[in-house]
Amino acid sequence: AEYMGEWELSATAAERRAAEHARAVADRRAELDYFNQLTLARKEEEERRERESDAAIVAALVDKERGVEEREAALRKARHSETLMYREHLARQMEREAISDAANERLRLEQQELE
């Protein structure tokens, strides 16, 4: 058994080559698997960032819209109180005119009596 036949040597070499090839294939698969996992992780991270960014944009728009609504409400309130003040002003003016008209009417009647 000290001397291996030619055939046995080539068989051992073939086995070694097959084992090396299998190891190389396994290494390449592991590399690809790692690369795929890395790519997937990066993609998921990118999508998470996009979702956060979208959420921040929506929140900013909502805040802006809320600000607009608050300003519009304040403006409506101001317009309403302005309208009330204007109505009061008109009522006082009409009251003054009525007093003035009544006074003028009295003077006219007194004038008539004198004639």
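On a predicted model such as this, the values are computed, not experimentally measured, just so you know.
Distance check, rounded to the nearest 0.5 Å: CD of Glu82 to CZ of Arg76 gives 15.0 Å. Distance CZ/Arg49 to CD/Glu44: 13.0 Å, rounded to 0.5 Å. Considering CZ of Arg87 and CE of Met94, their distance stands at 12.5 Å, rounded to 0.5 Å. Annotation: the span from Arg108 atom CZ to Glu113 atom CD amounts to 11.0 Å, rounded to 0.5 Å. Note that CD of Glu20 and CD of Glu15 are 12.0 Å apart. Values are rounded to the nearest 0.5 Å.
A search for side chain to side chain contact (heavy atoms under 4.5 Å, CB included) contacts involving Arg42 returns Leu38, not counting sequence neighbours.
Checked for salt-bridge contact, Glu45 and Arg48 meet the test: a charged N lies under 4.0 Å from a carboxylate O. Under a 4.0 Å N-O distance rule, the pair Arg66/Glu69 does not qualify as a salt bridge.
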* Decide salt bridge (charged side-chain N to carboxylate O under 4.0 Å, His left out) for Lys43 and Glu46; before the verdict, give the C-alpha distance in whole Å, the side-chain angles of both, and the deciding distance to 0.1 Å. => CA-CA 5 Å; Lys43 192 167 176 257; Glu46 202 172 293; over 6 Å; no
* To do: Would you check, one step at a time, whether the test side chain to side chain contact (heavy atoms under 4.5 Å, CB included) holds for His89 with Met85?
  => CA-CA 6 Å; His89 164 74; Met85 284 164 59; over 6 Å; no
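Between the side chain of Ser100 and the backbone N or O of Arg96 there is no donor-acceptor pair closer than 3.5 Å.
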Distance-only criterion, 3.5 Å: show the donor-acceptor pairs between side-chain atoms of residues 26-35 and protein atoms not counting sequence neighbours.
from  : atom 1 : to    : atom 2 : distance (Å)
Arg28 : NH1    : Glu31 : OE1    : 3.2

